[in-house]
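See below for the structure under consideration.
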Protein chains: 2
Amino acid sequence: MSTSSRFAVAVHVLTLMAWADEEPLKSEQVAESVNTNAVVIRRMLCELAESNLVVSQTGSMGGSKLARLPERITLLDIYQAVESRGVFSLHRHPPNPDCPVGVNIGTVLNEVLDEVDSAVERVLANMTLRDVVSRLQPCVSTTTGKRATVLAHSKRKQATRVQSVSARN
Amino acid sequence: MSTSSRFAVAVHVLTLMAWADEEPLKSEQVAESVNTNAVVIRRMLCELAESNLVVSQTGSMGGSKLARLPERITLLDIYQAVESRGVFSLHRHPPNPDCPVGVNIGTVLNEVLDEVDSAVERVLANMTLRDVVSRLQPCVSTTTGKRATVLAHSKRKQATRVQSVSARN
DNA sequence: AACGTCTGTAACAACTATAGTTACAGTTGG
DNA sequence: CCAACTGTAACTATAGTTGTTACAGACGTT
C-alpha cells in the first residue's frame, strides 16, 4: 500500500510535547527522539501549526508546544493535519468509458472507499493525545516520582541509525 | 498517504469476471477495460490466483475466471490478496531508545494502528463481489434485456489515455 | 546594535513503491 | 506445427516521502 509514516511521526512529535507539558521543544530535540533530521520535523510542525495543533516561537529560546490541552486533540485531528488523501486511491488512469463495468466502477468504488475512510476516522476520533500519553506511562519507570526528562541527552554526536525495520514495516 | 490503486484495480478486474459469468477473460480484454497494460493485469491475476480468487488457463483459448461465486468473495478477500501491509506504517527508522517517549511510542502506536486495520477489515468483510455487481447494475442500460458485452471492442488501436485525474486522486 | 540561537523554507538528492513496457519461455487447442 | 494465450524477468518511468544543505528572518541577550 506504500503508506507513509507521517501519521506515526506526527503522533510521536505531539506526544513529546504533551509529555513536556508547557515547555517549548526545539526541533533539534524532537528530531533526536524521532531519529530523523530537524528539517523533517520543522516541516511537519508547520503543517501541524496550520491545523492549529501546535504553536511555534521563532528566535532564540524559541520552540514549539501544543496549541491546546492533549485531551482536546484527537488522533483524527492529527491524521487530517498530515495525511491529505483517503486510505485507498482509485485507478491512476480512468477506466475505459466504453466498457459498462469500467464506466461505472468508479462510482461504486467511491462509495465503498468512503465507508472505509469513515470507519478509519471513527476509530481515530475516539482517541486523544492524552490517551496516548496515558498508555505510555505504564511503560516508563516512575520510581523516583519525578517524570524523566524528555531526552537522556546522551553526548553521542549522532545516534547510529538502527536499520532493522520494526514489525510493521 | 501515497496509497496505491491496487485494491481498486483488483476489484475492477474481479467485477469484470463476475460480469462475464463463467466465460474466461483474456488479460488483454481486462487491460482494455482497466485502461492499462496487459502485463500489469497478468501480474495482478497471479496474486489473485495465489489467494484462490481466480483460476487461469494458459494456452490458446485460455483466460481467467472467478474461482468461486461472486457472493463468496468479499472485498476483504481481495484487499488481503493485493495489499500486503496495513493502512499506516510506523517510523522508517526506529525512534531513539534513550528517550522515554521514543522507546515506547511504537507499542502504543501499534495498538492504535491495529484498531484502524481492524475497522477497515470489518467494513470490507461486509461486502461481496456480488454486492458490487448489484450496485453496478442500475447504472447500466438494460433496455434490450440482454446484458451488454463486457467490452464494446471499439476498433481503436489504443485508447488515448485521459490524463485528468479522478476526484479521489 | 551586534550576536547567537532559533524557526521557516527553498532546493535538491536519495529512496521506495507502484505502474508501464518489452521480450520471451512455456502451455494448449486446433 | 502453429497461433493464441499465460507467466515472468528485466528494465524504465513516475510519484511521494524522506533526508540534507543552505540560508533568510525572528528574537532574546548582552
Side-chain angles (χ1 to χ4, degrees), chain A residues 1-10 12-13 23-32 34-50 54-65 82-86 88-95 158-159 161 163 165 169, chain B residues 1-10 12-13 23-32 34-50 54-65 82-86 88-95 158-159 161 163 165 169:
Chain A
M1 172 168 290
S2 143
T3 49
S4 79
S5 64
R6 298 170 61 76
F7 177 65
V9 171
H12 185 156
V13 168
E23 194 201 353
L25 297 181
K26 295 171 220 167
S27 63
E28 201 66 56
Q29 292 177 283
V30 175
E32 195 172 347
V34 175
N35 192 17
T36 187
N37 191 291
V39 175
V40 173
I41 299 300
R42 291 207 288 270
R43 266 199 299 243
M44 182 162 281
L45 285 172
C46 288
E47 294 180 65
L48 294 171
E50 275 170 25
V54 304
V55 286
S56 296
Q57 181 70 227
T58 60
S60 182
M61 296 285 98
S64 305
K65 58 175 191 168
V82 301
E83 299 275 9
S84 43
R85 293 165 305 180
F88 296 110
S89 298
L90 287 189
H91 307 57
R92 250 170 54 165
H93 307 292
Q158 170 74 38
R161 285 233 174 104
Q163 289 293 344
V165 291
N169 292 334
Chain B
M1 173 167 289
S2 139
T3 49
S4 79
S5 64
R6 297 171 61 75
F7 176 65
V9 171
H12 185 155
V13 168
E23 194 200 353
L25 297 181
K26 296 170 221 168
S27 62
E28 202 65 58
Q29 292 177 284
V30 175
E32 196 172 346
V34 175
N35 192 16
T36 186
N37 191 290
V39 175
V40 173
I41 298 300
R42 291 207 289 272
R43 267 198 300 241
M44 181 161 281
L45 285 172
C46 288
E47 294 179 64
L48 294 171
E50 276 170 25
V54 305
V55 286
S56 296
Q57 181 71 226
T58 61
S60 183
M61 295 285 97
S64 306
K65 60 175 191 169
V82 301
E83 298 276 9
S84 44
R85 292 164 307 175
F88 297 109
S89 299
L90 288 190
H91 308 57
R92 233 150 86 148
H93 306 293
Q158 172 73 37
R161 286 235 172 103
Q163 289 293 345
V165 291
N169 292 334

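Given the structure is predicted, the values throughout are model-derived calculations rather than measurements. Labels below follow one simple rule: chain letters A, B, ... track the order of the sequence lines, proteins then strands, and each chain is numbered from 1.
Residue contacts for B:Ser27: at a heavy-atom cut-off of 4.0 Å it reaches the sugar-phosphate backbone alone, with no base atom in range.
Comparing B:Ala49 and A:Val40 by the nucleotide of DNA chain D that holds the closest heavy atom to each, the one mapping nearer the 5' end is B:Ala49.
Considering only side-chain atoms of B:Arg92, the nucleotide from C:dC6, D:dG19, C:dT18 that sits closest is D:dG19. If you check C:dT16, C:dA19, C:dG20 against the side chain of B:Asn37, the one that comes closest is C:dG20.
In this structure B:Ala49 satisfies the side-chain contact (heavy atoms from CB on, under 4.5 Å) test together with B:Val54, sequence neighbours excluded.
Between A:Thr36 and D:dG19 there is a side-chain polar atom (N or O) within less than 4.0 angstrom of OP1 or OP2. Between B:His93 and D:dG19, a side-chain N or O to OP1/OP2 separation shorter than 4.0 Å is present. Regarding contacts with the backbone of D:dC5, every side-chain N or O of B:Ser56 stays at 4.0 angstrom or more from both OP1 and OP2. Contact annotation: A:Arg6 reaches the phosphate of D:dT18 (side-chain N/O to OP1 or OP2, under 4.0 Å).
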**Message:** Go through it in stages, so that I can follow the logic: the residues are B:Ser27 and B:Arg42, the test is side-chain hydrogen bond (donor to acceptor under 3.5 Å, both in side chains), and I'd like the CA-CA distance, side-chain angles, deciding distance and then a yes or no.
**Reply:** CA-CA 6 Å; B:Ser27 62; B:Arg42 291 207 289 272; 3.1 Å; yes
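Side-chain contact check for A:Val34 versus A:Ile41: some heavy-atom pair is nearer than 4.5 Å.
Checked by distance alone, B:Arg43 brings a side-chain donor or acceptor within 3.5 Å of a matching partner on the base of C:dG20.
We find that CD of A:Glu28 is positioned 9 Å from P of C:dC6, with the value rounded to whole Å. A:Glu47 has its CD atom 13 Å from the C1' atom of C:dT9, to the nearest Å.
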**Request:** Starting at the 5' end of nucleotides 23-30 of chain C, put B wherever the base has a protein heavy atom under 4.0 Å, S where only the sugar-phosphate does, and a dash everywhere else.
**Result:** B---BBS-
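In the helix from C:dA1-D:dT30 to C:dG30-D:dC1, the terminal helix axes, each the rotation mapping four pairs' C1' atoms onto the next four within five end pairs, subtend 10°, rounded to 10°.
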